[in-house]
Structure formats: structure tokens, C-alpha cells
Amino acid sequence: MTYDKRINLNTNKKLAGALRDALAQAVHRGESIQKLSKELSKKADVGYKDAQRLIQTELNFVQNQAAGQAIRDAELGFYQFIAVLDHRTTPMCQSLDGQIFPIEEMNQGENAPPMHVRCRSTIAAADGEGKKISGRRVARDSEGRNIRIPAEMSYPDWKKVYIDKTMTLDEWKGIERKASKNSTDEKLFFRELSRKNSNLGAFVDLKVPMQKKAVTQICRKYGVDISGLKIKIQREEYLLKFPIAGSAAPEDIGRIDLLPNAFQTNEQLLRTIIHESCHVKQFKKYGSDYVQENRHEMERVAYCYEEFFYRIINRRYNNEK
């Protein structure tokens, strides 16, 4: 849910607009939350604490949304929930700290921050097998001083070792090594298998997984050459409303954007790739000036190209069965 909806844009457009401006300043100019809160309080006629609460929460939303998109773009597959290790962290974030989720299941407010007002938690990419982040992470000790602890240590374990002191660090390391040695990848395997063979959320009705690996496998199976093409999958839900499945642009020749509707069926995906690859050939041959003046003719040719080659593929595949 966007911040417009969470603060009820329909009844407080002035506040929503001022909040958008404040977030833009925070992202692009690095303005402090204190300064932005004062400005928002004046512009939208709200209390300073309310303004600060909104900015902190919505900035967390935007930052984690961007982190999630970066993980998707890098096709890393999983993300890890990271809570702040101090006494102010809520039980909700404590319980999620260190947990790993498939990026396609990311849902802010359920398994990704912000989980609540003034949430300070973040996410980070986990590796391709869904393993926890290694290295060190910052925490607080029982005296409130900053310390560095193993990144694999979750909030409950940090509390046992450094706050309650019911466990030593060596004891925790022993337990962690034993758990790592005895664990299997079965659960992660099936989670990854499910992620690669089904779409989730708004895309659940699409028959083809929205993954580059799926695109490559289908093109290889049906003999469609995509070498030399840069495939970019657009996963924004609002794109489902548009009656288009793909696009290519002369500004970045060789790149094909596959929109959600391209993944309706194998046929739709293949037709989209064939169609847009024709546009790539046109851009290379004629250049951008020709494109601007002959767009309708280029579309007509691309549809003929799509129909011709899809018939060949379909005939060849049926003959081989």
C-alpha cells in the first residue's frame, strides 16, 4: 500500500502533497528528518510529532521498496529481514529479524518493513541459495554501547548473549555450527522451485513464471534466438491494466522490456519476443529518425514478422512431437 493511501489522500491532499515533497528532499538532497518535519508541520498544518512520524515511516517505506526492486533487478531471489538490535525494537520486528523470504513474496507491512509506525528495520539481499548474510553487524551491549557482532546472529540470540547473558558467545557459535552442519537445503529447494514455477500476488493467473530463466528455457525449447538481446522484465502490477505485452526503444537498441501480459502463455511470450526483436532489427537498420516518422509502418511489419515466424515455430514443434 502506498503512503498516499495510508494517510488517506482523498481527505488530506494537502498533507499527501507536502509529504511527497518532503520525501523527495530526503532522497535527493539528504535533508535531515528534523528539518523536514518542521517544514511538513508548517505546510500541512499538522503537529511536529505527527509530521516526524509520517516522514520516518514513509521514508522507511520508500527506501525498502527501492532495496526490494534492486534485489529483483539483480535476480538474487531472496532477501533477509534486518531489525535494529537495541531495546527500542518492537516484538514484531524482533521475531522477523534474520528471517529470509523469496523476493517475489515481499509484502511491506507483512514480511518487510515498515512493519509499523516509526519502523527502523531494513532488508538486504540474501545469496542465491537463501543463506543468511555473513560478516558483522552493529548492535548495542547491555550498557548501550555500539558493538559489532556476527551478522548471522538474530535478535533473540543477541539478547541472550549480550543483554540477558544467559548464553556465552562461544556457546552460541557452537550451536550455530551444529545447526549449519545438520541442516539440509530441502526447504529452500522447494521454496526456490515454487518461486520459479509459479507467479504470486497480482500475477498468479499468468501461466509463465516472470523469471529470466523461464524466458531463456522457453526460447531454447522453441528455437527462438535471443542472443544479443537484453531482456528486462517489468513487474509493476499496474502494467496488467494495459493491453501491451512488450516494448523496445531506439534509445537503447537491443533491449526488450517484457511486461506482465507477455507471461500469459508460452505463445504470448514467444510472440512478444519475436515482435520486439523485429523492432530491434528495424532500429539497427534505419535509426531513430526513421522510427519517429514511420512508427505505424514499423508496427505493421513487426506483426507480419511475428505471425510468420511463430507459424514456423509452431509447425516445427508440432512435427517434432
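Just so it is clear, the values below take in all heavy atoms, side chains as well, and ignore hydrogens, waters and symmetry mates. Computed from a prediction, not measured in an experiment: that's the story for all the values here.
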What's the separation between atom CD1 in I233 and atom CZ in F263, rounded to the nearest 0.5 Å?
4.0 Å
May I ask you to test the V138-R148 pair for a side-chain heavy-atom distance under 4.5 Å?
yes
Close side-chain approach of M106 and I71, heavy atoms under 4.5 Å
no
Side chain to side chain contact (heavy atoms under 4.5 Å, CB included) between N294 and Q282: does it pass, once the steps are laid out?
CA-CA 11 Å; N294 300 275; Q282 292 168 328; over 6 Å; no
Under a 4.5 Å side-chain heavy-atom rule over Ile, Leu, Val, Met, Phe, Trp and Tyr, are F309 and Y303 clustered together?
no
Any side-chain donor paired with an acceptor under 3.5 Å for S227 and D225?
yes
In terms of hydrophobic clustering (I, L, V, M, F, W, Y; side-chain heavy atoms under 4.5 Å; direct or indirect links), are I218 and I312 co-clustered?
yes
In one Ile/Leu/Val/Met/Phe/Trp/Tyr side-chain cluster, 4.5 Å: L240, L269
yes
Under 4.5 Å between any side-chain heavy atoms of E58 and V62, yes or no?
no
What closest approach, in Å, do L259 and G246 show between heavy atoms, and which atom pair accounts for it?
CD1-CA, 4.1 Å
Result of checking T89, D164, T166 against K159 for side chain to side chain donor-acceptor pair (under 3.5 Å)
D164
Does some side-chain heavy atom of I123 sit less than 4.5 Å from a side-chain heavy atom of Q80?
no
Which heavy atom in D141 sits nearest to a heavy atom in E143, and how many Å separate them?
OD1-N, 2.9 Å
Supply the atom-to-atom distance N64 CG to Y79 OH, rounded to the nearest 0.5 angstrom.
9.5 Å
Which value, rounded to the nearest 0.5 Å, describes the distance between L96 atom CG and M115 atom CE?
5.0 Å
Closest heavy-atom pair and its distance - T57, H116:
CG2-O, 4.0 Å
Contact between E307 and R311 at the side-chain level, heavy atoms closer than 4.5 Å - yes or no?
yes
What pair of heavy atoms forms the shortest contact from L258 to I231, and how long is it?
CD1-CG2, 3.6 Å
Is a donor on one side and an acceptor on the other found under 3.5 Å between the side chain of N60 and the backbone of Q56?
no
Taking atom OG1 of T90 and atom OH of Y155, what is their separation to the nearest 0.5 Å?
8.5 Å
Examine distances only and state if a side-chain atom of S95 and a backbone atom of M92 form a donor-acceptor pair shorter than 3.5 Å.
yes
Under 6.0 Å from the NZ atom of K281, do we count more than 12 heavy atoms belonging to anything else shown?
no
To the nearest 0.5 Å, atom NZ of K241 lies from atom CG of N261 at 12.5 Å
Parallel, tilted or perpendicular: which one describes the rings of F242 and Y238, with boundaries at 30° and 60°?
perpendicular
So I256 and V280, do their side chains get closer than 4.5 Å, heavy atoms only?
yes
Examine Y305 together with H275 and report whether their ring centres are nearer than 6.0 Å.
no
Starting from the C-alpha separation in whole Å, work towards a yes-or-no answer on salt bridge (charged side-chain N to carboxylate O under 4.0 Å, His left out) for D97 and R137.
CA-CA 12 Å; D97 182 54; R137 65 186 297 195; 3.1 Å; yes
Minimum heavy-atom separation for A214 and P209, please, with both atom names.
CB-O, 3.6 Å
Backbone of T265 reached by a side-chain donor or acceptor of Q268 within 3.5 Å
no
More than 12 heavy atoms of other residues, nucleotides or ligands under 6.0 Å from NZ of K232: yes or no?
yes
Are any of the side-chain nitrogens in R295 or E299 under 4.0 Å away from the carboxylate oxygens of its partner?
no
Go through it in stages, so that I can follow the logic: the residues are I274 and I313, the test is side chain to side chain contact (heavy atoms under 4.5 Å, CB included), and I'd like the CA-CA distance, side-chain angles, deciding distance and then a yes or no.
CA-CA 11 Å; I274 294 169; I313 291 168; 3.6 Å; yes
Could you tell me whether the side chain of W158 and the main chain of I163 form a donor-acceptor pair under 3.5 Å?
no
Return the CZ to SG distance between F61 and C119, rounded to the nearest 0.5 Å.
12.5 Å
Please answer: with hydrophobic residues joined when any side-chain heavy atoms are less than 4.5 Å apart, are V224 and F308 in the same cluster?
yes
Could you state whether I103 and L239 fall into the same hydrophobic cluster, counting links through intermediate Ile, Leu, Val, Met, Phe, Trp or Tyr residues with side-chain heavy atoms under 4.5 angstrom apart?
no
Any heavy-atom pair between the side chains of Q108 and P113 that's under 4.5 Å?
no
When you compare the side chain of M153 with that of L169, does any pair of heavy atoms fall below 4.5 Å?
yes
Under 3.5 Å, side chain of E276 to main-chain N/O of D257, donor-acceptor pair present?
no
Minimum heavy-atom separation for F203 and M210, please, with both atom names.
CG-SD, 3.6 Å
